[in-house]
Amino acid sequence: MRELYGFALKQGIGVASEPVVKEADSIERGQVIACCPEAKLGNVIHSSVSGVVKEITDTHILIEPEEEQSKEYVKLTSETPLERIREAGLIGLGGAGFPTAVKLNHRFEGGGAILINASECEPVLSHNVERMEESPTEIIRGIEIIREVTNAEKAVIAIKGHHEAAIAALTAVLPDKITIHKLPNIYPVGDERAVVRECMNILLEVDQLPLAADAIVVNVETAYRVYEAVELRKPLIDKDLTVAGKLADSGAIKTYMDRPLGMKFSEMFDLAGGIGKEYGEIIEGGPFMGKRASLDHYLQKTTGGLIASEVFWNGPSKIGLLVCACGAHKERLSQIADSMGSEIAGVEYCKQAIEVKGTLKCTNPGICPGQVQKVMALKKAGAEAVLISNCTDCSNTVMSCAPKMKLPVYHATDGSMRACNLKLVRRMKSTT
């Protein structure tokens, strides 16, 4: 039997979708297989392959693909752009996965800005940059559609200044009312509130959405998929992503465009030449905010990266955790500490980390007031080293004090960065 494709019923923010197919049904590429319950927040799920439904579980629809696959798909039938975006099952493709049609269901009454997050904020990940270099015209058309749907006066593409080839490609096709804003090369400059701050010079409160600044933030791949949905009547069935780390080609960083959703992670690593014999863990996402995954997991709409990390280094007997709202949270740091063989001596939180609706938010993403008190508290608790998840600026402040206290510093991103032969997050310079 061929490898099954798995489609999670819950993808992104909202409730799980409900199957509209049954086992043994024949399915076409692009066909709807699950719908969001009426009046609920969620998204519709389409099959990325033609085949037969083999199994339906509480969490997934499993489809056996036909041996020969066509690039054709069942086309969307809605007439208006916003309805096509909703029918396509589009969600944010650079973060938590908020339904795009809900986000764009707002008409500005004079003014209004669409901010396109093209920062490629996480290190290692590089597929968004490649998409901008390869498909600038389509991305710009997607942005224009978003402007038309929301009646926004202007759009700004926020991109790190060092992505010169992508900037050149976009600049060559820029129309009126769309501009480029060059971002510094720091983490997390791609945070939604950081994008608003950098592009509009407005610092939102931790519980405010960009609409409070008369803006809507949309990921650059989402803009590209908006173009596909509206112009090509294509549902969200393919995804761009980066595969990297401890591959057979050790340290490689490889990008893949338009891979069908539902593929097993193991198949993606096979496409990249195979995974190495030794690795620490599989990370879905980027080094900072990624989560531990399994080779048996399936590509979802929000999957932006797959990294096979370096083998875990042996840590000290007792380690302190310094949690940052912009990086790995307590549970993830605890998981890493356990894999290092270290007992947790204490947990401290960055002074700018504020809990909002069960998650941590930074009062000013990427700009740190200092961490000396927190590091001292961990040392007093018996920590022999600190494990941090801090942003660029916070990491700099930790490094200004922890070594003086004779506390070695580990970072949540170490396994990913070492696996890709990249500089570790310690003392970092802000560059363009």
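The basis for the numbers below is simple: all heavy atoms, side chains too, and nothing from hydrogens, waters or symmetry mates.
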Looking at Glu355 and Lys330, is there a salt bridge between them, counting it only when a charged N and a carboxylate O are closer than 4.0 Å? no

Separation between CD (Gln300) and OG1 (Thr303), nearest 0.5 Å, reads 5.5 Å

Answer yes or no: does atom CG of Asp207 have more than 12 heavy-atom neighbours from other residues, nucleotides or ligands under 6.0 Å? yes

Nearest heavy-atom contact between Ile143 and Ala155 is CG2-CB, 3.5 Å

query: Any side-chain heavy atom of Tyr187 within less than 4.5 Å of one from Cys121?
result: yes

_Could you walk me through whether Thr57 and Glu55 satisfy the side-chain contact (heavy atoms from CB on, under 4.5 Å) test, starting with their C-alpha distance in whole Å, then the side-chain angles of each, then the deciding distance to 0.1 Å, before giving a yes or no?_
CA-CA 6 Å; Thr57 72; Glu55 186 180 357; 3.5 Å; yes

Closest non-hydrogen atoms of Ala385 and Tyr410, given as atom of the first, atom of the second and distance, are CB-CE1, 3.8 Å

dist Ile319:CD1 -> Leu333:CG (nearest 0.5 Å) comes out at 9.0 Å

| request: With the side chain counted from C-beta on, respond yes when Pro235 and Val74 share a heavy-atom pair under 4.5 Å apart, and no when they do not. | output: no

Atom NZ of residue position Lys318 - does it have more than 12 heavy atoms of other residues, nucleotides or ligands inside 6.0 Å? no

Going by heavy atoms in the side chains, are Lys374 and Cys350 under 4.5 Å from each other? no

Paired with Asp238, the side chain to side chain donor-acceptor pair (under 3.5 Å) test is passed by just one of Arg225, Arg259, Arg29, Lys71, namely Arg29

TODO: Output yes when a side-chain donor or acceptor of Arg131 lies under 3.5 Å from a complementary backbone atom of Ile139, and no otherwise.
DONE: no

>> Between Val226 and Val218, is there a side-chain heavy-atom distance shorter than 4.5 Å?
In response: no

- Query: Any salt bridge between Arg426 and Asp414, counting N to O under 4.0 Å?
  - Reply: yes

Check: Ser47/Gln31 side-chain N/O donor and acceptor closer than 3.5 Å | no

Taking everything shown except Gln69 itself, do over 12 heavy atoms lie less than 6.0 Å from its CD? yes

*Would you indicate whether Lys351, at its atom NZ, is surrounded by more than 12 heavy atoms from other residues, nucleotides or ligands within a distance under 6.0 Å?*
yes

* When you measure from the side chain of Ser17 to the backbone N and O of Asn43, does any donor-acceptor pair fall under 3.5 Å? -> yes

Q.
Applying side-chain contact (heavy atoms from CB on, under 4.5 Å) to Arg418 and Trp313, what does each step give before you reach the verdict?
A. CA-CA 11 Å; Arg418 285 194 177 98; Trp313 286 25; 3.2 Å; yes

Check: Cys368 main-chain N/O paired with Asp393 side-chain donor or acceptor under 3.5 Å
yes

Donor-acceptor under 3.5 Å (Arg84 side chain, Val230 main chain): yes

Ionic contact status for Arg141 with Glu144, cut-off 4.0 Å:
yes

Note: Ala212 and Leu204 closest approach over all heavy atoms is CB-CD2, 4.0 Å

Review point. For Asp240, does its backbone N or O pair with a side-chain atom of Glu221 as donor and acceptor, under 3.5 Å?
Key: yes

Practice prompt. Classify the angle between the aromatic ring planes of Phe265 and His297 as parallel (below 30°), tilted (30 to 60°) or perpendicular (above 60°).
Written response: perpendicular

key: Side-chain heavy-atom pair Val372, Val375 within 4.5 angstrom cut-off   = no

Does NZ in Lys379 sit with more than 12 non-hydrogen atoms of other residues, nucleotides or ligands closer than 6.0 Å? yes

So CG of Asn117 and CD of Glu198: to nearest 0.5 Å the spacing works out to 11.5 Å

* Asked: Is there side-chain contact between Ile157 and Val220, with at least one heavy-atom pair below 4.5 Å?
  -> no

Between Ala213 and Val196, the two heavy atoms sitting closest are CB-CG1, 3.9 Å

In terms of heavy-atom contacts, Tyr349 and Leu322 come closest through C-CD1, 4.1 Å

Using atom types as modelled and distance alone, determine if a side-chain donor or acceptor of Arg147 lies under 3.5 Å from a backbone N or O of Ala152.
yes

**Sub-4.5 Å side-chain heavy-atom contact between Leu9 and Thr59** = no

Original post:
Hey, is Glu192 close enough to Lys103 for a salt bridge, meaning N to O under 4.0 Å?
Top reply: yes

Heavy-atom closest pair (Met289 atom, Cys326 atom, distance to 0.1 Å) is SD-O, 3.6 Å

Distance col, row Ser50:OG vs Tyr5:OH, nearest 0.5 angstrom, shows 11.0 Å

When rounded to the nearest 0.5 Å, the distance separating NE2 of His411 from OG of Ser416 is 11.0 Å

So do the side chains of Lys154 and Thr179 get within less than 4.5 Å of each other, counting heavy atoms only? no

Distance col, row Arg292:CZ vs Ile283:CD1, nearest 0.5 angstrom, shows 8.5 Å

N/O donor-acceptor pair under 3.5 Å between Thr242 side chain and Gly305 backbone: no

Hey, is CD on Gln335 packed in by over 12 heavy atoms from elsewhere, all under 6.0 Å? yes

Exercise for review: Look at atom CE of Met200 and say whether more than 12 heavy atoms of other residues, nucleotides or ligands are closer to it than 6.0 Å.
Suggested key: yes

*asked:* Closer than 3.5 angstrom, by distance alone: can the side chain of Glu133 be matched with the main-chain N or O of Ala169 as a donor-acceptor pair?
replied: no

task = May I have the step-by-step check of side-chain contact (heavy atoms from CB on, under 4.5 Å) for Leu271 and Met263, ending in yes or no?
result = CA-CA 11 Å; Leu271 272 179; Met263 286 183 68; 4.1 Å; yes

| message | Please check: side-chain N/O of Gln11 versus main-chain N/O of Lys301, any donor-acceptor pairing under 3.5 Å? | response | yes

- request: Kindly determine whether Leu232 and Tyr227 satisfy side-chain contact (heavy atoms from CB on, under 4.5 Å), including the steps that lead there.
  value: CA-CA 7 Å; Leu232 306 182; Tyr227 151 77; 3.9 Å; yes

Check your understanding: Would a distance-only check, ignoring hydrogens and angles, find a side-chain to backbone donor-acceptor pair under 3.5 Å from Lys380 to Gly382?
Key -> no

